[in-house]
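Below, chain A is the first sequence line, B the second, and so on; all start at residue 1.
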Amino acid sequence: MNKSTLTLIALVPLAYFAGYYLTSTATVAPVYTAEVSYSGSTSASGNGKKSVLNSMPTGTVHAVKDGQLIMDAVKAAQPGDVIQVWPGNYTETVYIDKDNIRLSGVIVEGKRPRLFGDGHLNDAILYSGNNIVIENFLITKYKGNGIMGQAGNNFEIRNNIIEDTGVYGIFPQLGENGIVEHNVVSGIEDAAIYVGMSDHIHVANNEVFDSVAGIEIENSRHAIVENNFVHNNTGGILAFVTPGLPIKDTVDVIIRNNWISNNNTKNFGAEGSMVAGIPAGTGILIMAADKVIIEDNLILGNKTAGIIITDHQNAPNTTLDPESDPTPDQIMILNNLMYNNGYDTITEAKVLLTTELKQGNPDILRVGGSNNSCINNPQQYISAGVGDWPACGFSNTDTIVNYLLDEPAAPRSVAVEDKGKYAYLGICTGCHAYTGRLIGPPVQVIQSLYMDDPKALADYIANPIKKREDYPAMPKQDYLDAETRKAVAEYMLSVKN
Amino acid sequence: MMLSLAAALALNTAVISLNSQCPPSFELTPQNQCLLVTRYDHYDSLHNKGVGGTKTALPKGRDGFSPQQIDLGRYLFFDPLLSANHKQACASCHQPSHGFSDGKALSTGSNGDIGTRSAPGLWNVGFLKKLFWDGRADSLEQQALIPLFAPHEMANTAEQVLADLASSALYPELFRQAFPLSTELDLSQVATALAAFQSSLISLNSKYDHYAHGYQQALNDQEIKGLNVFRSFVARCAECHTPPLFTNQQLAVIGTPEPEGMTFDPGAGNSPELSKLRGGFKVPSLRNVGRTAPYMHSGRFATLEEAAEFYSKGRGHAVPKGEKLLLHWHIWEPKLSPEEIQQLAVFLNTLTDESLMPVVPAQLPSGLPLPAELTTPHDHKGSTE
């Protein structure tokens with residue numbers, strides 16, 4: 001834990017905030033423009049700013065100031081809006097069950113909005129919408145996660161500082177096409193950045209430290225982890241298949257250009273958690289994942305080993321799952337700078353080295369099975385279990401800039417006619433049959449009443465009035481939005497059986 | 001529920017004809033199949049697994065049965081003719097008024113035997129890939145024949161079921177309507193019809209669903225708080241009970257207790273090779289869970305509060321001495337406050353939706369009366385025809 005920053009914040013006198021508040025009116029709000037590059041170079045850079053959203057926000061900007069609730073702005077926001085959070089303390093859980101929201105902290109003279117869980121709030125930010133941006137926050141002292149995504153696609157989580165916050169710092173789950181970059185995450189009981197059951201993910205330029213796991217890619221496909229500074233965790237970067245989850249594999253992961261050093265912190269993971277079994281001093285850990293490329297990392301000073309590759313049988317705490325393949329296949333180790341790893345390693349590692357008549361401090365250890373794996377220039381490392389791996393036949397992944405989707409994952413709503421059909425079948429048919437009485441009058445009767453007037457029908461269902469003596473009242477369908485009510489009205493008038 | 005003499009007499013002569021319309025939420029195709037249509041069809045899900053957040057598609061459910069098969073299944077489901085002593089129907093243990101469970105901790109068979117597990121609710125059962133608490137059946141068809149022949153349940157034999165159906169006045173004709181291409185009534189048709197009916201038990205229009213589809217006002221403050229505890233990474237309920245079905249369809253070892261005096265139930269881990277799954281049970285869907293008390297595989301918890309509190313009482317607190325279980329990693333010490341446990345229960349009650357309750361047949365093709373459990377007065381809203 002970074003003690004010094006914490007105390008600094010605690011020491012900031014109230015008067016400072018008061019003073020800041022007075023002057024803040026003069027501060028100009030940030031503008032949201034498209035990225036513009038310095039024109040001078042001709043070839044595209046691999047460092048190109050990435051975005052998974054194809055447009056700038058078009059909606060209203062809702063400013064939230066210290067003393068107000070971010071949630072009030074989220075409730076008021078429409079898709080396309082920006083929620084601009086100014087410096088201050090916010091003790092709340094922000095949940096976004098809407099699409100296209102940019103939750104954007106404003107940084108003024110180094111001060112960012114601080115989401116403070118006070119040790120009792122669960123998660124800081126939860127989102128389930130598509131096209132969510134979360135940026136520029138300081139998040140601390142929550143019990144659960146800093147930022148958690150539940151099946152939101154096309155997300156961008158960047159420029160956040162997350163300290164001493166429960167279980168995961170940043171945890172997008174079950175999403176597709178997302179970026180996690182330029183975040184500083186520390187003091188996390190499990191993984192600082194944890195990508196779970198997600199596809200097409202880019203994790204870049206983050207600093208993660210003082211956590212049990214630095215960056216974890218679990219049961220996910222097509223992920224790149226690059227240019228991160230991963231230090232002083234128990235384990236640095238993990239690519240895992242955890243058995244017993246609904247998505248069963250991890251495939252196509254590139255771990256490149258990361259600085260992975262001194263991940264020797266004593267394991268403080270919760271009992272039974274998957275990471276609780278990681279030996280302190282692990283640089284990279286591959287468990288049962290397939291097609292993982294490890295390239296051009298600086299792997300330094302990790303006392304157990306630089307890279308460990310294992311199957312499920314040799315890993316503790318893994319359950320039985322016949323549907324997930326326990327073996328890490330097609331592991332590809334290209335050039336990496338490995339130095340001073342394995343200097344205080346575990347007994348199992350020494351045994352492995354001895355069986356290969358080797359001694360010294362291990363850079364690479366492989367236990368259990370692995371098929372079709374390869375390694376370039378193995379002689380440079382002290383290793384066990386990779387001696388019979390052939391060379392890879394390629395030396396870099398430069399042509400793969402990222403695994404993000406060219407086009408954002410499709411928006412969720414579909415054609416209006418389908419809205420009508422889904423609502424009609426899913427709801428109205430419970431009470432209205434085409435012919436014959438169910439709970440409500442037959443659709444044929446309704447058709448004759450409303451023939452050419454879908455609007456009147458749509459209005460009726462939002463607020464039905466009692467019409468028939470011998471029928472119960474019809475419950476309000478006002479939870480359907482106006483567009484859906486109109487569509488369902490038209491659909492009801494068009495059905496033929 | 002009244003079976004008047006006149007109606008009973010009429011029944012003996014009249015030929016019941018099966019419904020030729022699909023049940024609600026199903027669309028009839030020109031091939032006479034019923035296909036499920038729901039508002040979740042707006043969405044997709046990663047790898048079509050049907051797990052995610054608010055706006056996530058459902059897993060592929062069972063559909064494609066004919067309206068007649070579904071309707072025949074409805075009669076069979078409620079008909080005690082299927083049990084050896086003609087006293088117990090599927091619906092005896094899967095009662096509409098209890099979310100298609102029976103309100104008991106452990107089910108009672110047709111001969112009065114007390115079983116070892118609690119009857120699960122059946123709403124949305126057509127979406128489940130594994131059935132039974134220990135996940136041992138892979139399809140509704142395979143499942144259906146098990147209680148029929150289980151001695152502590154309906155205690156029947158294949159021969160007697162077929163003989164009873166064949167000799168009843170009406171069933172042979174109904175089977176002909178439902179299976180026009182078959183020449184003979186057989187057990188697989190019984191299984192198909194029961195599967196067809198059960199997969200029509202759709203509950204996807206709860207307050208929670210209104211919220212999920214975008215109507216923010218659907219849930220009040222307490223309910224929203226409960227939702228946020230539920231999906232928080234402190235309680236982690238949604239990691240296993242994942243929307244939209246509120247199950248991720250996996251087995252998990254969570255270590256719930258048996259009732260006093262009952263031996264430990266190994267669940268899915270019932271052999272040495274499966275020892276890692278010892279005490280493992282299928283994550284149940286929580287839809288209509290407000291109707292299916294008591295809870296867990298052996299009905300140990302009477303209320304939703306108790307069930308929720310279990311997760312906060314310490315990892316492994318209820319595991320019997322001497323049992324070594326590989327408890328699931330999401331079972332930990334969330335230290336939920338009493339208010340949060342209350343909020344969880346409040347939220348779970350927003351998953352109640354019985355708007356597509358099937359009609360309980362007023363008269364059965366066998367001429368037998370409905371089992372007594374179904375005719376005692378209760379508060380359920382299902383009507384009879």
Side-chain angles (χ1 to χ4, degrees), chain A residues 75 93 95 97-99 120 122-123 126-130 143-145 148-152 166-168 171 174-176 197-199 242 244-247 270-274 317-321 410 412-414 418-419 421-423 425-427 429-431 433-434 439 478-481 497, chain B residues 21 24-28 37-39 41-47 49 51-56 202 204-205 210-218 224 228-229 231-235 238 242-243 248-253 274 276-277 280 315 326-329 331-335 337 355-356 383:
Chain A
K75 285 179 187 160
T93 291
Y95 55 95
D97 295 316
K98 300 180 174 182
D99 292 341
H120 73 270
N122 291 336
D123 306 299
L126 290 168
Y127 67 86
S128 72
N130 277 349
K143 275 169 79 183
N145 294 336
M148 175 167 191
Q150 290 174 334
V167 189
Y168 298 118
F171 178 26
L174 291 163
E176 182 170 52
M197 295 189 275
S198 293
D199 284 5
T242 296
L245 291 173
I247 288 178
E271 188 199 338
S273 66
M274 211 57 60
N317 291 352
T318 54
T319 179
L320 196 70
D321 185 346
R412 276 157 169 157
S413 36
V414 289
D418 285 344
K419 281 195 172 173
K421 173 177 167 180
Y422 298 164
L425 282 155
I427 303 166
T429 58
C431 296
Y434 186 66
I439 293 166
D478 55 352
Y479 57 88
L480 299 173
D481 59 32
N497 59 49
Chain B
Q21 294 299 314
S25 212
F26 288 82
E27 184 180 33
L28 188 63
V37 177
T38 83
R39 295 183 76 202
D41 295 353
H42 288 297
Y43 317 128
D44 54 13
S45 79
L46 205 63
H47 296 255
K49 292 288 183 186
V51 285
T54 47
K55 292 189 167 70
T56 300
I202 300 297
L204 295 167
N205 194 21
H210 297 171
Y211 180 84
H213 295 306
Y215 182 61
Q216 286 185 53
Q217 299 92 304
I224 292 266
N228 284 337
V229 177
R231 60 183 169 174
S232 74
F233 217 73
V234 174
T242 316
N248 65 359
Q249 309 228 31
Q250 304 297 305
L251 297 166
V253 184
L274 299 174
K276 281 186 158 190
L277 289 174
R315 182 178 156 82
L326 182 60
L327 288 168
H328 195 278
W329 61 96
I331 298 303
W332 69 316
E333 320 257 325
K335 302 199 179 71
S337 68
S355 59
L356 305 189
S383 49

(request) Please assess Asp418(A) against Asp41(B) for the test side chain to side chain contact (heavy atoms under 4.5 Å, CB included), listing each intermediate value before the final yes or no. (result) CA-CA 9 Å; Asp418(A) 285 344; Asp41(B) 295 353; over 6 Å; no
Give the member of [options] that has the highest number of heavy-atom pairs under 4.5 Å with chain A.
options	answer
Gln216(B), Glu333(B), Gln249(B), Arg231(B)	Arg231(B)
Lys276(B), His328(B), His210(B)	His210(B)
Asn228(B), Leu327(B), Val51(B)	Asn228(B)

Of the backbone (N, CA, C, O) and the side chain (C-beta and beyond), which part of [X] lies under 4.5 Å from a heavy atom of chain A, both, or neither?
X	result
Leu28(B)	neither
Arg39(B)	both
Pro243(B)	neither
Asn205(B)	side chain
Val253(B)	neither
Phe26(B)	backbone
Leu204(B)	neither

Taking the side chain as everything from C-beta on, heavy atoms only, tell me whether [X] gets closer than 4.5 Å to [Y].
X	Y	result
Leu46(B)	Ile247(A)	yes
Gln250(B)	Asp321(A)	yes
His47(B)	Asp199(A)	yes

Where on [X] is there a heavy atom nearer than 4.5 Å to chain B: the side chain, the backbone, both, or neither?
X	value
Lys75(A)	both
Ser198(A)	backbone
Tyr127(A)	neither
Leu126(A)	side chain
Met148(A)	side chain

Among the options [options], pick out the one with the most heavy-atom pairs lying under 4.5 Å from chain B.
options	result
Thr429(A), Asp481(A), Asn497(A), Leu480(A)	Thr429(A)
Ala270(A), Gly272(A), Ala423(A), Gly149(A)	Gly272(A)
Gly166(A), Pro246(A), Gly426(A)	Pro246(A)

On a heavy-atom basis, which atom in [X] and which in [Y] lie closest, and how many Å separate them?
X	Y	answer
Ala151(A)	Thr56(B)	CB-OG1, 3.6 Å
Asp97(A)	Lys55(B)	O-NZ, 4.0 Å
Leu356(B)	Gly430(A)	CD2-CA, 3.3 Å

Keeping the roles fixed (side chain from [X], backbone from [Y]), state whether a donor-acceptor pair exists under 3.5 Å.
X	Y	value
Lys421(A)	Val37(B)	no
Ser273(A)	Trp329(B)	no
Asp123(A)	Phe233(B)	yes

If you round to the nearest 0.5 Å, how far is [atom2] of [Y] from [atom1] of [X]?
X	Y	atom1	atom2	result
Lys49(B)	Met197(A)	NZ	CE	10.5 Å
Thr242(B)	Leu245(A)	OG1	CG	9.0 Å
Leu277(B)	Thr319(A)	CG	OG1	4.5 Å
Ser355(B)	Ile439(A)	OG	CD1	8.5 Å
Gln21(B)	Tyr434(A)	CD	OH	10.0 Å
Asn248(B)	Leu174(A)	CG	CG	9.5 Å

